[in-house]
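Note that this is a predicted model, so its numbers are computed, not measured. The sequence lines fix the lettering, A, B, ..., with proteins before strands; numbering per chain opens at 1.
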Amino acid sequence: MNPPADGAELPAEGSAAFQRLVEARLEKMRELGRAVELYPYSYERTHTSEQLRAAEPELTAAGAVVRVPGRIMTKRGAGKTLFAPIQDEWGRIQAYFKLDTLGEERFQRITRLIDIGDWIGVEGTLFRTRTGELTIQVTDFTFLAKAVRPLPEKYHDLSLELKSRRRHLDLVMNQESRERFKKRSAILAEVRAFFGDEEFLEVETPVLQPLYGGATARPFTTHHNALDTRLYLRIADELYLKRLIVGGLERVFEIAKDFRNEGMDRTHNPEFTMLECYAAWWDYHGMLDLTERLLRRLARRFGNDGVLTYGGHDLDFERPFARLRFMDALAERTGVDLMTLDDAGVAAIARRHGIEPRKGMGRDKILDALFGDLVEPTLVQPTFVMDHPKELSPLAKAHRRAPGLVERFELFCAGFEVANSFSELNDPFEQRRRFEAQKTLAEAGDEEAQQLDEEFLQAMELGMPPTGGMGMGIDRLVMLLVDTNNIRDVLLFPAMRPERSGGEGP
RNA sequence: GCGCCGCUAGCUCAACUGGUAGAGCAACUGACUCUUAAUCAGUAGGUUCGGGGUUCAAGUCCCUGGCGGCGUACCA
């Protein structure tokens, strides 16, 4: 038998009132500890709450004794009986405790010494109450673990902050939250299965990198003690994955965290999960087909016959996705063929649409801003936007026919970007020129400028096959599939400012 | 970054123009042998985010710091 936990206490914290709530629980735990093991090592479960519901007819007919562990969510005493829903990962099953069946000591134990929030295993047979609820008639029960802290209030939702900061509380209190994160896991599994079927090899590349590249973003920096050298947390996998293509691995993909030292809001977290894939011998058309197949498969599995409801819109992934050329979309919105205009002309059009070009914004950046304002919000149904201006895409191959453009597409759904893809630049001389240009920007103080990666260039100089590449923000994909507009809903532990007591004052 | 709003019991929220800080849930005591937001009777529970100021008097007004929400800008 365990020591009776007489010394158990929590560090002083919170108000005296809170201390008393905890103390009441500790006191009951001490008393309970004199009779039972407080922290047993395991429990033999026969069924989950879900399995009980599925197997009810057989179990009832056989009068089978089941053993189900779970957390006590409420206690409803009714004289010499007690009803208590027991919650496990899949849901709840009601347990019925009766003085007559359990005897005085065990009945007192459940009614008086065991708290809401505690874990117990109940053993008994199934029956239906008068009101029709499936219930376990408890013949015995086992104490499994103590909740020394009280559970939150039961019929109002937690604030988003508490849900995010204390995800464990959210998961205890909200079945729907548990379902959402299980769905995220299923989505990831489905994506991996898809790439397996498409004969892509899943690989892992470094998170800690001596140089960062593959995207324009500010990195996190860290330091390696033994090497006494600065390292960066990756902002993209791109350059390493392309080196694998050079090496002869023809189809690779990676699902991994990227880190970007930038603002956070409803759609941005400093660390986020990115899918990148590369296929030798493909151009962006091949990637486009792949992307469409992937999204359709996900929409069939997680939506309704290939249709996803998002923000009140029905998004149809079953039909071939719309395709739209970047410049055509802009021309349609502005009434002007912007290809024919010079920088000043483009800037003038932007001003006419309420966009004031910032200092240092090149023509292509202004086009991008215009696109973001005028076109993106209108792209509700899945739409491929194709053939972007060159300056925006330093790693993409020039368009084979249209001068000034690159072979690139982005997939938009519900007004936000889901995927981004190029015919990958594989000309090492052109790539070196573009890096040099970035280096100049960096020296001028542009923190987002990409660094010249000699290792990568040397790899490309060894010869990189024609290659298609695609990147997809997994968190946004999950947001789309679970119908939420807040990234915190799909990250178990989103980045939060550390909690601190108030400042010291002036 | 910037702007607006918020922070009161463990949780969700009240408290008028400055005038004794309240309710529900949770907790505690009691009643009830099919309850289910159980019910009924009672008890206890507060650093009103921190610091400073104005005032006879501050949850409320002012200054300042912290944290959050929403909007906005950049990034997936």
Can A:Asn261 and A:Tyr232 be counted as having a side-chain donor-acceptor contact under 3.5 angstrom? no
Would you indicate what A:Phe259 reaches in the nucleic acid, counting non-hydrogen atoms under 4.0 angstrom: base, sugar-phosphate, or nothing? nothing
Ranges pairing with ranges for RNA chain B, where each run has three or more Watson-Crick or G-U pairs under 3.5 Å: B:1-7 with B:66-72, B:10-13 with B:22-25, B:27-31 with B:39-43, B:49-53 with B:61-65
Could I get the full list of side chain to side chain contact (heavy atoms under 4.5 Å, CB included) partners for A:Ser49, not counting sequence neighbours? A:Asp88, A:Trp90, A:Ile93
Here the pair of heavy atoms bringing A:Gly372 nearest to A:Pro377 is O-CD, 3.3 Å
Taking the six-membered ring for Trp, are A:Phe321 and A:Phe317 closer than 6.0 Å centroid to centroid? yes
Rounding to an integer number of angstrom, what distance separates B:rA58 and B:rG19 when you compare their C1' atoms? 10 Å
Rounded to whole Å, the CG-P distance (A:Leu126 to B:rC34) equals 20 Å
On a heavy-atom basis, which atom in A:Pro494 and which in A:Ser164 lie closest, and how many Å separate them? CG-CB, 3.7 Å
Per A:Leu162 side chain, nearest of listed nucleotides B:rU12, B:rC75, B:rC34: B:rU12
Among A:Val375, A:Leu411, A:Thr378, A:Leu324, the one residue meeting side chain to side chain contact (heavy atoms under 4.5 Å, CB included) with A:Thr383: A:Leu324
Between A:Arg128 and A:Gly132, is there a donor-acceptor pair closer than 3.5 Å when you use the side chain of the first and the backbone of the second? yes
Roughly how far apart, to the nearest Å, are B:rC11 and B:rC49 at atom P? 13 Å
Gap in Å between the two C1' atoms, one belonging to B:rG45 and one to B:rC25, rounded: 14 Å
Could you tell me whether the side chains of A:Gln94 and A:Arg76 share a donor-acceptor contact shorter than 3.5 Å? yes
Residues A:His47 and A:Arg53: side-chain donor-acceptor under 3.5 angstrom: no
For A:Glu133, report the nucleic acid contact type (base, sugar-phosphate, nothing); a contact means any heavy atom under 4.0 Å. base
I'd like the P distance from B:rC7 over to B:rC16, given in whole Å. 12 Å
Expressed in whole Å, how much space separates the C1' atoms belonging to B:rU20 and B:rC32? 38 Å
Provide, to the nearest angstrom, the distance between the CD1 atom belonging to A:Ile235 and the P atom belonging to B:rC74. 19 Å
Rounding to an integer number of Å, can you tell me how far A:Phe422 CZ sits from B:rA76 C1'? 12 Å
Quick one: label A:Asp258 by what it contacts on the DNA or RNA (base, sugar-phosphate, nothing), any heavy atom closer than 4.0 Å. nothing
Could you please name the option among B:rU33, B:rU35, B:rC70 that lies closest to any side-chain atom of A:Gln94? B:rU35
Which part of the nucleic acid does A:Asn420 contact within heavy-atom distance under 4.0 Å: base, sugar-phosphate only, or nothing? nothing
Side chain of A:Asn486: nearest nucleotide among B:rA76, B:rC75, B:rC70? B:rC70
Euclidean distance, atom CG of residue A:Leu99 to atom P of B:rC32 [Å, nearest integer]: 11 Å
Contact class for A:Gly473 (heavy atom, under 4.0 Å): base, sugar-phosphate, or nothing? nothing
Is it true that A:Glu254 and A:Thr205 share a donor-acceptor pair across their side chains at a distance under 3.5 Å? yes
Rounding to a whole Å, what distance do you find between A:Ile255:CD1 and B:rA76:P? 19 Å
What's the gap between B:rA9 and B:rU60 when it is taken at their P atoms, as a whole Å value? 15 Å
For A:Arg266 and B:rA76, what is the distance between atoms CZ and C1' respectively, to the nearest whole Å? 14 Å
Mind checking if A:Tyr96 touches a base, just sugar-phosphate, or nothing, with heavy atoms under 4.0 Å? base
C1' spacing across the pair B:rG10 / B:rG1, given as an integer number of angstrom: 36 Å
Compare the minimum distances between each of B:rC75, B:rU33, B:rC34 and the side chain of A:Lys80, then state the nucleotide with the smallest one. B:rU33
Can you tell me if the side-chain N/O atoms of A:Arg130 get under 4.0 Å from OP1 or OP2 in B:rU35? yes
Going by centres under 5.5 angstrom and planes under 30 degrees, do the aromatic ring of A:Phe18 and the base ring of B:rA9 stack? no
Rounded P spacing from B:rG50 to B:rA31 in Å: 41 Å
A:Glu262 CD to B:rA76 P: how many Å, rounded? 8 Å
Among the nucleotides B:rC75, B:rU33, B:rU35, which one has an atom lying closest to any side-chain atom of A:Lys98? B:rU33
Over 60° means perpendicular and under 30° means parallel, so classify the ring planes of A:Phe127 and A:Tyr96, tilted if in between. tilted
Quick one: label A:Asp265 by what it contacts on the DNA or RNA (base, sugar-phosphate, nothing), any heavy atom closer than 4.0 Å. base
Can you tell me which nucleotide in B:rC34, B:rA76, B:rC67 comes closest to the side chain of A:Arg165? B:rC67
I'd like to know whether A:Phe200 forms a ring pair (Phe, Tyr, Trp, His ring centres under 6.0 Å) with A:Phe194, so could you lay out the CA-CA distance, the side-chain angles of the two residues, the decisive distance to 0.1 Å, and finally the verdict. CA-CA 9 Å; A:Phe200 279 70; A:Phe194 172 82; 7.9 Å; no
Roughly how many Å is it from CD1 in A:Ile93 to P in B:rU35, rounded to a whole number? 17 Å
Aromatic ring centroids of A:Phe253 and A:Tyr278 under 6.0 Å? no
Across all chains, not counting sequence neighbours, the side chain to side chain contact (heavy atoms under 4.5 Å, CB included) partners of A:Glu104 are A:Leu99, A:Gln108
Non-hydrogen side-chain atoms of A:Asn420 and A:Arg408 separated by less than 4.5 Å: yes
Name the pairs: protein N/O against N/O of nucleotides 39-43 of chain B, kept only if under 3.5 Å.
none

For RNA chain B, determine which residues of residues 372-383 of chain A have any heavy atom closer than 4.0 angstrom to one of its atoms, and list them numerically. none
What are the atom names and distances for every N/O pair under 3.5 Å that joins the protein to nucleotides 26-29 of chain B?
residue, atom, partner, partner atom, Å
B:rA26, OP1, A:Lys154, NZ, 2.9
B:rC28, OP1, A:Lys28, NZ, 2.2

Taking A:Lys242 first and then A:Glu238, would you say they form a salt bridge - that is, a charged N and a carboxylate O separated by under 4.0 Å? yes
Using the ring of each side chain (for Trp, its six-membered ring), is A:Phe326 parallel, tilted or perpendicular to A:His388, with breaks at 30° and 60°? tilted
